[in-house]
Amino acid sequence: MTRKDADMRDAAEEWKRSAERKASLKAARATDEENAGPTRSTRIKDFAYKKTPQKLKNATDLQVRFRTGAIYVTLCIVCILVSDISTLVFLCATAGICAGEFYYMLRADAKLPNEMLGIIAAMLYPVSVYFLGVVGALYVSIALLLSLIVWYVFWLRARVPDVGVSFFGAAYTGLLLSGIVVVRTALPDPWGGVLVIGIFLSIWANDSFAYLVGSKIGKHKMAPRVSPKKSWEGFFAGIVGSMVIWGLFTLIPGLNLNLPEALGFGLVCGLMGVLGDLAESRIKRNSGFKDSGTIMPGHGGLLDRCDSLFLVAASSAILLVISGAIPFSV
C-alpha cells in the first residue's frame with residue numbers, strides 16, 4: 001500500500017469517526033432536551049403562536065409559501081431602492097447565507113470545505129466590487145486562494161477537492177452576485193435601483209411563467225434526472241417571460257438600450273436563469289437534499305430562491321457593460 005493510499009484511508013476513517021461522534025452528540029442532546037422539558041425557543045414559539053390571529057393559524061402550504069414570498073419580495077424591493085449601501089448590505093447577507101447553505105450540503109457529500117473562509121470571502125466580494133471595482137474582486141480571489149493553500153498545507157485532513165469546493169462556493173454565491181453592484185451603481189438614483197428590480201422581476205417572471213405553463217400543459221421532460229418537474233413547455237414560457245420584462249427596460253431613463261438588444265439580453269438571461277436553477281438542483285441531488293435549508297418556510301433555503309440570480313446577475317452586468325448600455329469604469 002502506498003503512502004497516498006494510507007493517507008486516504010486514514011482520512012476516510014477520521015471522517016467516519018467524526019460523523020459517528022456528531023451523531024452520538026446529537027442523540028445525547030436530544031435526550032437532554034426531552035428530559036429538560038420545553039426549551040426557551042420552544043416557549044417563545046408557543047407564546048407567538050398563542051398571540052397569532054386565528055385566521056393565520058394552521059395555514060396551508062400554499063399560504064405559507066405566499067406569505068414567505070411576499071416578505072422576501074418586499075425586503076428585496078425596499079433594500080434595493082433605498083440606496084447603494086442598503087443594496088450592498090442585502091447582497092452581503094444573501095451571499096453569506098447562501099454560502100453557508102452551500103457548504104452545509106457539500107459536507108453531506110463527503111466534502112470538508114472551509115466554511116469560515118468561504119463565507120467571509122462570499123460576503124467580501126460585493127463589498128470589494130463596490131469600493132474598488134472589478135479589481136477588488138481579484139484581490140478577494142487571490143486572498144482567498146492563498147488562505148486556502150495555507151489551510152490545505154497545515155490541516156492534514158484537507159484534500160484538494162475540499163480546497164476547490166471552498167473556493168467555488170465563495171465565487172458561486174459571492175462573486176457572481178457582485179454583478180448586481182455593477183448595475184446598481186451605474187445609473188443615478190432611483191434608476192439604478194429600478195434597473196436591478198427589473199432584473200429581479202425578469203427572474204421571477206421566468207420562474208412564474210415556467211411554473212404556470214409547465215404545470216398546465218407540460219408533457220415533455222426537460223431534465224428528468226436533475227429536475228423532474230421541469231418541462232420544455234415551461235422552459236420556453238419562462239424565456240418569453242424574461243424577454244417581456246427586459247423589453248420594458250428600454251423605458252428606463254439613462255439606459256442606452258434598444259428593443260432588439262433588450263429582447264436578446266432577456267433571452268440570454270432567461271437561459272442563464274434556467275442553467276443556474278438546474279445547477280443548484282444537481283448540487284442538491286448529489287448531496288441528498290430536497291431543500292438547501294429552512295430559512296424560508298414553504299420555499300426551503302435562501303439558496304433555493306437565489307439559484308437563478310447568481311448567473312443572471314453576472315450575465316446582465318456583462319451584457320449591459322459590453323453593449324455600452326450602462327457606463328462602466330474599472
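Just so it is clear, the values below take in all heavy atoms, side chains as well, and ignore hydrogens, waters and symmetry mates. It should be emphasised that the depicted structure is a prediction, and the values quoted were computed from it without experimental measurement.
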Are [X] and [Y] packed together at the side-chain level, in the sense that at least one heavy-atom pair is separated by less than 4.5 angstrom?
X	Y	result
Arg184	Leu91	no
Leu309	Leu176	no
Leu138	Ile142	yes
Leu248	Leu201	no
Asn114	Asp162	no

>> Regarding Thr173 and Tyr125, do their side chains bring together a donor and an acceptor under 3.5 Å, going by distance alone?
In response: no
Ser292 versus Asp304, side-chain donor and acceptor atoms under 3.5 Å: yes
>> Students often mix this up, so state it plainly: with edges at 30° and 60°, are the rings of Phe235 and Trp232 parallel, tilted or perpendicular?
In response: perpendicular
Over all atoms of both residues, closest heavy-atom pair of [X] and [Y]:
X	Y	value
Ala205	Gly241	CB-O, 3.8 Å
Ile199	Ser316	CD1-OG, 3.5 Å
Asn286	Asp109	O-OD1, 3.5 Å
Pro327	Leu187	CD-CD2, 4.3 Å
Leu212	Lys216	O-CG, 3.1 Å
Val312	Cys269	CG2-O, 3.4 Å

Going from [atom1] on [X] to [atom2] on [Y], what distance comes out if it is rounded to the nearest 0.5 angstrom?
X	Y	atom1	atom2	result
Arg225	Ser281	CZ	OG	15.5 Å
Cys306	Leu302	SG	CG	4.0 Å
Ser323	Asn256	OG	CG	8.5 Å
Leu81	Ile197	CG	CD1	4.5 Å
Ser141	Tyr139	OG	OH	12.0 Å
Asp207	Arg305	CG	CZ	6.5 Å

Are [X] and [Y] linked, directly or through other ILVMFWY residues, by side chains that come within less than 4.5 angstrom of each other?
X	Y	result
Leu144	Trp155	yes
Val73	Ile203	yes
Leu117	Leu112	yes
Trp246	Val240	no

**Message:** For Tyr211, I'd like to know if atom OH has over 12 heavy atoms of other residues, nucleotides or ligands within 6.0 Å.
**Reply:** no
Item to complete: Using a cut-off of 6.0 Å, state whether more than 12 heavy atoms not belonging to Tyr72 lie near its atom OH.
Response: yes
Donor-acceptor pair, side chain of [X] and main chain of [Y], under 3.5 angstrom:
X	Y	value
Glu233	Gly214	no
Ser202	Ser242	no
Ser178	Val181	no

Compute the centroid of each ring, for Phe289 and then for Tyr104, and state whether the two points are separated by less than 6.0 Å. yes
For the pair [X] and [Y], find out whether any cationic side-chain nitrogen is under 4.0 Å from an anionic carboxylate oxygen.
X	Y	result
Glu115	Arg107	yes
Lys284	Asp307	no
Lys230	Asp277	yes

When Tyr103, Phe310, Phe102 are each screened for ring pair (Phe, Tyr, Trp, His ring centres under 6.0 Å) with Phe168, the one that passes is Phe102
- Message: Could you walk me through whether Val160 and Tyr152 satisfy the side chain to side chain contact (heavy atoms under 4.5 Å, CB included) test, starting with their C-alpha distance in whole Å, then the side-chain angles of each, then the deciding distance to 0.1 Å, before giving a yes or no?
- Response: CA-CA 8 Å; Val160 172; Tyr152 173 72; 3.6 Å; yes
